[in-house]
Amino acid sequence: MERIEHHASCGGRQEVWQHTSTTLGCPMKLGVYLPPAALRGEPCPVLYWLSGLTCTEQNFITKSAVQAHAAQHGLIVVAPDTSPRDPAGTLDVPNDPAYDLGQGAGFYLDATQAPWATHFRMESYVVDELPALVEGHFAGQVQPGRRAISGHSMGGHGALTLALRHPGRYASVSAFSPIVAPSQVPWGQKAFAAYLGEDRSAWAAHDTVALIASAQERMPLLVDQGEADEFLATQLRPELLQAACSAAGHPLTLRLQPGYDHSYYFIASFIGEHLAWHARALKG
């Protein structure tokens with residue numbers, strides 16, 4: 001782990017770290033916010049944040065104003081990049097000219113199809129390698145095993161599916177504008193066909209709406225969705241999640257926010273309520 005940025009923020013410290021991922025076979029960057037409690041040596045739980053299409057580790061930490069809320073609640077916030085990267089062009093990490101496939105569009109799953117399968121293993125990275133790295137490197141500051149997960153858009157899809165696919169791994173989950181039924185919308189269909197092939201049963205294993213019916217853990221879901229979101233009707237389809245949760249008896253708080261779009265202005269407006277949600281679960 002090499003620290004490449006650090007900035008005082010809200011009594012704590014916003015850092016950016018780089019490491020070589022054995023899971024992804026390339027260097028990866030992650031934002032780590034250490035609240036004042038962690039700097040005093042008090043072990044703190046960790047919220048993992050998954051960002052959306054085209055994002056890096058920078059978007060959330062610079063645009064969401066999360067630091068003030070993390071400082072208030074004593075939460076470490078870890079925000080990794082959204083996919084493997086190959087900025088030097090020397091590692092044969094595949095890419096695609098489109099914004100919604102390849103580097104910047106990992107979809108938080110382990111690809112099974114060429115040429116993606118070697119490097120695009122974001123599920124294993126987020127669920128296994130990243131927590132082990134964080135809990136080992138920040139030993140004494142991190143409360144081991146106390147984790148929550150959240151995200152936006154593609155990252156909201158990642159947060160929901162990883163929480164459902166790995167019961168017991170996270171104490172709480174929330175999402176902003178998540179892609180809840182990727183098997184039924186263009187973003188997901190394009191990515192799933194490339195990363196997982198044409199077998200739709202493989203797609204269902206990474207689709208929140210499909211996973212709800214057989215979820216082993218009835219962890220409450222908190223989802224915020226802007227009603228003025230330009231992707232609401234075509235890519236996000238929150239009504240499908242609401243119907244699936246109602247049919248399965250799965251606890252869901254779906255809040256449709258009038259006037260809000262898909263941007264970080266939306267996230268910044270409600271991120272404090274999400275951190276309070278996670279803090280109650282992590283500390284209660």
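Between His262 and Trp187, the ring-plane angle classifies as tilted under the 30° and 60° cut-offs. The aromatic rings of His278 and His274 sit tilted, their planes meeting at an angle between 30° and 60°.
Residues Tyr108 and His206 place their aromatic rings such that the two centres sit no closer than 6.0 Å. Ring-centre distance between Phe270 and Phe176: not below the 6.0 Å cut-off. Aromatic ring centres of Trp49 and Tyr33: separated by at least 6.0 Å.
The side-chain heavy atoms of Leu75 and Leu282, taken from C-beta on, include a pair separated by under 4.5 Å. Side-chain contact between Asp100 and Lys190 is present, with heavy atoms from C-beta onward closer than 4.5 Å. Side-chain contact between Leu50 and Pro80 is present, with heavy atoms from C-beta onward closer than 4.5 Å.
A chain of hydrophobic side-chain contacts below 4.5 Å, direct or via other Ile, Leu, Val, Met, Phe, Trp or Tyr residues, connects Ile149 to Val32. Cluster annotation: Val16 is not connected to Leu133 through the hydrophobic network of ILVMFWY side chains, with a link wherever side-chain heavy atoms come within less than 4.5 Å. By the rule that hydrophobic residues join a cluster once side-chain heavy atoms approach within less than 4.5 Å of another member, Leu211 and Leu240 end up as members of one cluster.
Considering Arg147, Gln141, Arg146 in turn, Arg147 is the only one that fulfils the side chain to side chain donor-acceptor pair (under 3.5 Å) rule with Glu135. Partner of Leu252 under the side-chain contact (heavy atoms from CB on, under 4.5 Å) criterion, out of Pro238, Cys245, Ser246: Cys245 alone.
At least one donor-acceptor pair closer than 3.5 Å links the side chain of Ser21 to the backbone N or O of Leu24. With hydrogens and angles ignored, the 3.5 Å screen pairs no side-chain donor or acceptor of Asn95 with any backbone N or O of Gly102.
Judged by distance alone, the side chains of Gln67 and Gln14 do bring a donor and an acceptor atom under 3.5 Å apart. Looking at Trp203 and Ser201, their side chains never bring a donor and an acceptor atom within 3.5 Å of each other. Looking only at atom types and distance, the side chain of His6 has no donor-acceptor partner in the side chain of Arg13 under 3.5 Å away.
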Distance-only check: which donor-acceptor pairs under 3.5 Å involve side-chain atoms of residues 53-60, not counting sequence neighbours?
{"unit_1": "Thr56", "atom_1": "OG1", "unit_2": "Gln58", "atom_2": "N", "d": "3.0"}
{"unit_1": "Gln58", "atom_1": "NE2", "unit_2": "Glu5", "atom_2": "OE2", "d": "3.0"}
{"unit_1": "Asn59", "atom_1": "OD1", "unit_2": "Thr56", "atom_2": "N", "d": "2.9"}

Ignoring hydrogens and angles, write down the donor-acceptor pairs under 3.5 Å from the side chains of residues 34-41, residues two or more places apart or on other chains.
{"unit_1": "Arg40", "atom_1": "NE", "unit_2": "Glu42", "atom_2": "OE2", "d": "3.0"}
{"unit_1": "Arg40", "atom_1": "NH2", "unit_2": "Glu42", "atom_2": "OE2", "d": "3.4"}

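Here the closest heavy-atom approach between residue Asp86 and residue Asp92 is recorded as OD2-N, 3.3 Å. Of all heavy-atom pairs between Arg255 and Leu222, the closest is NE-CD1, 4.2 Å. Scanning all heavy atoms of the two residues, the minimum distance from Gln189 to Ser183 falls at NE2-O, 3.1 Å. Across Ala193 and Glu198, no two heavy atoms sit closer than the pair CB-OE2, 3.7 Å.
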Going through the checks in order, is the side-chain hydrogen bond (donor to acceptor under 3.5 Å, both in side chains) test met by Glu273 and His69? CA-CA 9 Å; Glu273 296 173 33; His69 306 290; over 6 Å; no
Check the pair Phe120 / Tyr195 against ring pair (Phe, Tyr, Trp, His ring centres under 6.0 Å), numbers first and verdict last. CA-CA 8 Å; Phe120 278 69; Tyr195 298 147; 5.6 Å; yes
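Here Arg169 pairs with Asp128 in a salt bridge; the nearest charged N to carboxylate O distance falls below 4.0 Å. Look at Arg237 and Glu239 and you find a salt bridge, because one of the NZ, NE, NH1 or NH2 atoms lies within 4.0 Å of a carboxylate O, short of that distance. For Asp81 and Lys29, the salt-bridge test fails: no basic side-chain N is under 4.0 Å from an acidic carboxylate O.
In this structure Ser150 satisfies the side-chain hydrogen bond (donor to acceptor under 3.5 Å, both in side chains) test together with Ser174, sequence neighbours excluded.
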